[in-house]
Amino acid sequence: MEAVMNLNAPRGTRDILPEEAERRRALERAFADVCERYGFGEIRVPTFEHTELFVRGVGDASDIVRKEMYTFTDKGDRSLTLRPEGTAGVARAYVEQGMSSWPAPVKLWYNMNMFRYEKMQKGRYREFWQLGCEVFGSDSPQADAQVIGLLETFFRELGLGEVDLEINSIGCPQCRADYHKALRQYYAVYVEDMCEDCHDRFERNPLRMLDCKEPYCQSLAMKAPSQLDYLCDECKVHFDSVKSYLDEMEISYRLNSRLVRGLDYYTKTVFEFVSSHVGTQGTICGGGRYDGLVREIGGIDVPGVGFALGVERLLLELDAQNVPFGKAQSPDLFIASFPSTAANALDLAQTLIRSGLKVETDVMGRSLKAQFKAADRMEAHYVLVLGDTEVSISRGKLRRLSDGSEQDVPLTAVGTLLHDYRKKRSVAEKEEVRFEL
RNA sequence: GUGGAAUUAGCUCAGCUGGUUAGAGUGCCAGGUUGUGGCCCUGGAGGUCGUGGGUUCGACUCCCAUAUUCCACCCCA
């Protein structure tokens, strides 16, 4: 009966250790910074919402709602669901907080964890993080172009290359209905011979038949009618404008008439940033316009456009492209001490750290030699040996680990010197030149 | 949800067709002069071989279950 404790993190969840946390923090900061420059404000919404919100918002035809939600009943007998995506919750907040009376457009960004009950693969987790933006209140193609522009800026500032932008328009409910009809008409004669999944898709969501991987289905998809030919005038003009704005901003994109979104709320513009490095989960970022969403969840008729960016996939991509990003900074100084000077070391470290430096001291009672090894391992820039002599004359030798050079300095000058060194380092880094001291 | 592969020291992995005290590299700790790192040398700690059953004289090696990961679908960030 006594079961052995399962020490594994639950399937699809993971521990984020300091090294990765550091990179994430850098990523999140960069994103927040770009968003603020584009005039977006941060929003944080609850981790769980009433299940009904996602069923209505994301759509009961979507896979997310049909089989991937973490739904539970609380003690008040309410059905709640851990958010599987961000937009529905943000849209709910928009309605509940009366943001429709704010000066339009309302531009929000978020950084939140999401939960989807899915089978694991690289770059696909049951708890994962998304960075996202939403623009409420503008039906202008300028808004579509601006969120894409924001992403382009973000990727550029990260130093990320080799991600492709794909765009498409899936029209509005009216012209999409026409297109669905046309698709069904086209597929009707073949459907018997198509794969099992496509039988289901034919009934539920014919758009999906277009990106089926089965050879036969794919051959049919090649000749299937294109959504773009069925766009109504308004949707067509909108899409053309989006494209021309992108052209104007010199953002390259690939038209993909078979690009579909997994969530039901999308209208008109849809887009993805894809990479070839993340395995089958090549989509790093997905987004689009969702003009019907706010009304669908019970608000007024407000247009919206936004995107969600997968943090784990972006990190994989940064790794794959060897983008140096968010590396922890090494200590400015390691203070080596002896039992008799431990207190002095702590005190000096305290002072220097308060001045803004990163300083390490030994708390393992190690030999001097071992302290040097430790300092070397953490790539400290300098080591100061603080022994009885140094304490009594208030001077010490500051040793630079990169070349072993030492200089004799008053202890009171150490802080200033190190700040000075640090400044020179950062300047050198910026100009990508070697610096001499 | 479907199909397949993997799981042995902190990490990356050996371990032949089941046979005595389970290995390497790396990392970690310590020593190689009594106050000085990176190289080198030596030593040490660390594994109930994912977990639970079963077959067997005997299982890390075979069988079953379960957990986790990975791959292909599905789908998505």
Side-chain angles (χ1 to χ4, degrees), chain A residues 1-14 17 58 61-68 83-87 111-132 195-198 200-201 205 208 211-214 259-263 272-275 278-287 307-317 334-341 362 364-390 396-406:
Chain A
M1 196 58 208
E2 184 67 25
V4 178
M5 172 82 177
N6 185 351
L7 284 175
N8 291 326
R11 180 184 291 244
T13 66
R14 42 201 292 276
L17 305 181
V58 177
S62 68
D63 273 43
I64 291 177
V65 170
R66 286 172 58 234
K67 50 188 196 190
E68 295 175 359
R83 60 180 173 223
E85 59 99 50
T87 306
N111 168 22
M112 309 194 287
N113 53 345
M114 310 293 172
F115 306 85
R116 296 199 331 211
Y117 191 87
E118 290 202 86
K119 194 142 174 179
M120 292 285 306
Q121 255 181 82
K122 179 182 265 178
R124 169 194 280 173
Y125 305 95
R126 289 184 173 183
E127 182 190 18
F128 59 101
W129 272 257
Q130 288 186 335
L131 301 169
C195 71
E196 221 173 286
D197 289 326
C198 280
D200 188 37
R201 294 184 180 117
N205 190 352
R208 286 251 161 253
D211 57 5
C212 180
K213 305 278 191 307
E214 291 290 323
L259 180 63
V260 182
R261 306 265 69 230
L263 288 63
E272 278 184 7
F273 280 86
V274 293
S275 116
V278 194
T280 328
Q281 278 65 52
T283 305
I284 289 180
C285 173
F307 65 82
L309 183 66
V311 172
E312 287 75 14
R313 292 182 184 181
L314 182 54
L315 285 169
L316 284 172
E317 185 63 21
F334 186 101
I335 301 175
S337 61
F338 304 89
S340 62
T341 57
D362 176 63
M364 299 295 290
R366 291 185 215 269
S367 67
L368 186 66
K369 180 176 188 159
Q371 292 186 60
F372 265 87
K373 280 188 178 173
D376 187 54
R377 202 174 31 233
M378 59 180 76
E379 295 180 311
H381 289 99
Y382 291 87
V383 173
L384 176 73
V385 178
L386 198 61
D388 292 316
T389 319
E390 287 83 358
K397 285 198 207 96
L398 199 55
R399 181 184 178 90
R400 185 161 68 203
L401 289 189
S402 59
D403 60 4
S405 65
E406 289 187 345

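Each chain gets a letter, A, B and so on, in the order the sequences are listed, and its residues count up from 1. These numbers come from a predicted model, not from an experiment.
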*Checking all strands, does A/Ala375 fall into the base, sugar-phosphate, or nothing category for heavy-atom contacts under 4.0 angstrom?*
nothing

*A/Gln371 side chain N/O closer than 4.0 Å to the phosphate oxygens (OP1, OP2) of B/U36?*
no

*asked:* side chain to side chain donor-acceptor pair (under 3.5 Å) for A/Glu272 and A/Thr283? Distances and angles first, verdict last.
replied: CA-CA 7 Å; A/Glu272 278 184 7; A/Thr283 305; 3.2 Å; yes

*Please step through side-chain contact (heavy atoms from CB on, under 4.5 Å) for the pair A/Lys119 and A/Gln121, ending with a clear verdict.*
CA-CA 7 Å; A/Lys119 194 142 174 179; A/Gln121 255 181 82; over 6 Å; no

*If you take atom types as modelled and just measure distance, does the side chain of A/Gln121 reach the base of B/U69 with a donor-acceptor pair under 3.5 Å?*
no

_At less than 3.5 Å, do the side-chain atoms of A/Glu317 and the base atoms of B/A77 form a donor-acceptor pair?_
no

*Between B/A59 and B/G54, how far apart are the C1' atoms? Round to whole Å, please.*
12 Å

*Apply the test side-chain contact (heavy atoms from CB on, under 4.5 Å) to residues A/Phe372 and A/Val383: give CA-CA distance (whole Å), side-chain angles for both, the deciding distance (0.1 Å), then the verdict.*
CA-CA 8 Å; A/Phe372 265 87; A/Val383 173; 3.7 Å; yes

*Quantified in whole Å, what is the C1' atom distance between nucleotide B/A65 and nucleotide B/C75?*
29 Å

_Under 3.5 Å, is there any donor-acceptor pair linking the side chain of A/Lys122 to the base of B/U69?_
no

*Complement of B/U42, any strand, by Watson-Crick or G-U distances under 3.5 angstrom*: B/A30

*Using the C1' atoms only, state how far B/C13 lies from B/A6, rounded to an integer number of Å.*
13 Å

*Using a 4.0 Å heavy-atom cut-off across all strands, classify A/Gly12 as base, sugar-phosphate, or nothing.*
sugar-phosphate

*Taking only the side-chain heavy atoms of A/Thr389 (C-beta and beyond), determine which of B/A77, B/A67, B/G35 contains the nearest atom.*
B/G35

*Got a donor-acceptor pair under 3.5 Å from the side chain of A/Glu390 to the base of B/G35?*
yes

*Base partner of B/A72, which must satisfy Watson-Crick or wobble distances under 3.5 Å*: B/U2

_Less than 4.5 Å apart, side chain to side chain, heavy atoms only: is that true for A/Arg124 and A/Glu312?_
no

*asked:* Does A/Gln371 form a side-chain contact (heavy atoms from CB on, under 4.5 Å) with A/Met364? I'd like the steps, not just the answer.
replied: CA-CA 9 Å; A/Gln371 292 186 60; A/Met364 299 295 290; over 6 Å; no

Pick out the pairs of N or O atoms, protein on one side and nucleotides 28-30 of chain B on the other, that lie under 3.5 Å.
{"residue": "B/C29", "atom": "OP1", "partner": "A/Arg366", "partner atom": "NH1", "Å": "3.4"}
{"residue": "B/C29", "atom": "OP1", "partner": "A/Arg377", "partner atom": "NH2", "Å": "3.4"}
{"residue": "B/C29", "atom": "OP2", "partner": "A/Arg377", "partner atom": "NH1", "Å": "3.0"}

_Watson-Crick or G-U wobble partner of B/U66, both distances under 3.5 Å_ = B/G50

*Are any non-hydrogen side-chain atoms of A/Arg116 and A/Glu85 less than 4.5 angstrom apart?*
yes

*When you get a sec, tell me which of B/C70, B/U36, B/U2 is the closest nucleotide to the side chain of A/Lys397?*
B/U36

_Earlier contact from the 5' end, RNA chain B, for A/Thr13 and A/Glu272_ = A/Thr13

*side-chain contact (heavy atoms from CB on, under 4.5 Å) between A/Val385 and A/Lys397, intermediate numbers included*: CA-CA 7 Å; A/Val385 178; A/Lys397 285 198 207 96; over 6 Å; no

_Let's go through A/Asp376 and A/Lys373 carefully: what are the C-alpha distance in whole Å and the side-chain angles of both, what is the deciding distance for salt bridge (Lys or Arg N to Asp or Glu O under 4.0 Å) to 0.1 Å, and is it a yes or a no?_
CA-CA 5 Å; A/Asp376 187 54; A/Lys373 280 188 178 173; over 6 Å; no

*A/Leu263 and side chain to side chain contact (heavy atoms under 4.5 Å, CB included): which partner among A/Val65, A/Thr87, A/Ile64?*
A/Ile64

_If I take atom CE in residue A/Met120 and atom P in nucleotide B/C71, what distance separates them, rounded to the nearest angstrom?_
9 Å

*Identify whether any heavy atom of A/Gly404 sits under 4.0 Å from a base atom; if not, whether one sits that close to sugar-phosphate; answer base, sugar-phosphate or nothing.*
base

_Please report the distance separating the C1' of B/A24 from the corresponding atom of B/C64, rounded so that it comes out in whole Å._
33 Å

*Confirm from the modelled atom types if A/Asp376 and B/G38 form a donor-acceptor pair under 3.5 Å, side chain to base only.*
no

*With stacking defined as ring centroids separated by under 5.5 Å and planes differing by under 30°, is A/Phe128 stacked against B/A77?*
yes

_Inter-nucleotide C1' distance (B/G1, B/C74), Å rounded_ = 8 Å

*Determine whether any donor atom in the side chain of A/Arg116 lies under 3.5 Å from an acceptor atom in the base of B/C75, or the reverse, and answer yes or no.*
no

*Span that lies between the P atom of B/A5 and that of B/U20, in whole angstrom*: 29 Å

_Watson-Crick or G-U counterpart of B/U56, or none if no pair lies under 3.5 Å_ = none

*asked:* Taking side chain to side chain contact (heavy atoms under 4.5 Å, CB included) as the criterion, tell me which of A/Glu379, A/Met378, A/His381 meets it with A/Phe334.
replied: A/Met378

*Using a cut-off of 4.0 Å on non-hydrogen atoms, how would the nucleic acid contact of A/Lys369 be classed: base, sugar-phosphate, or nothing?*
base

*How would you label the contact of A/Thr341 with the nucleic acid (heavy atoms, under 4.0 Å): base, sugar-phosphate, or nothing?*
nothing

*Rounded to the nearest Å, what distance is computed from the NZ atom of residue A/Lys119 to the C1' atom of nucleotide B/G1?*
8 Å

*Compare side-chain N and O positions of A/Arg261 against OP1 and OP2 of B/A77 and report whether any pair is under 4.0 Å apart.*
yes

*Separation between the C1' atoms of B/G43 and B/C49, rounded to whole Å*: 26 Å

_Rounding to an integer number of angstrom, what distance separates B/G15 and B/U61 when you compare their P atoms?_
14 Å

_Using OP1 and OP2 only, check whether a side-chain N or O of A/Arg11 sits under 4.0 Å from B/U68._
yes

*asked:* Using the side-chain heavy atoms of A/Leu368, tell me which of these nucleotides is nearest: B/U2, B/C70, B/U36.
replied: B/U36

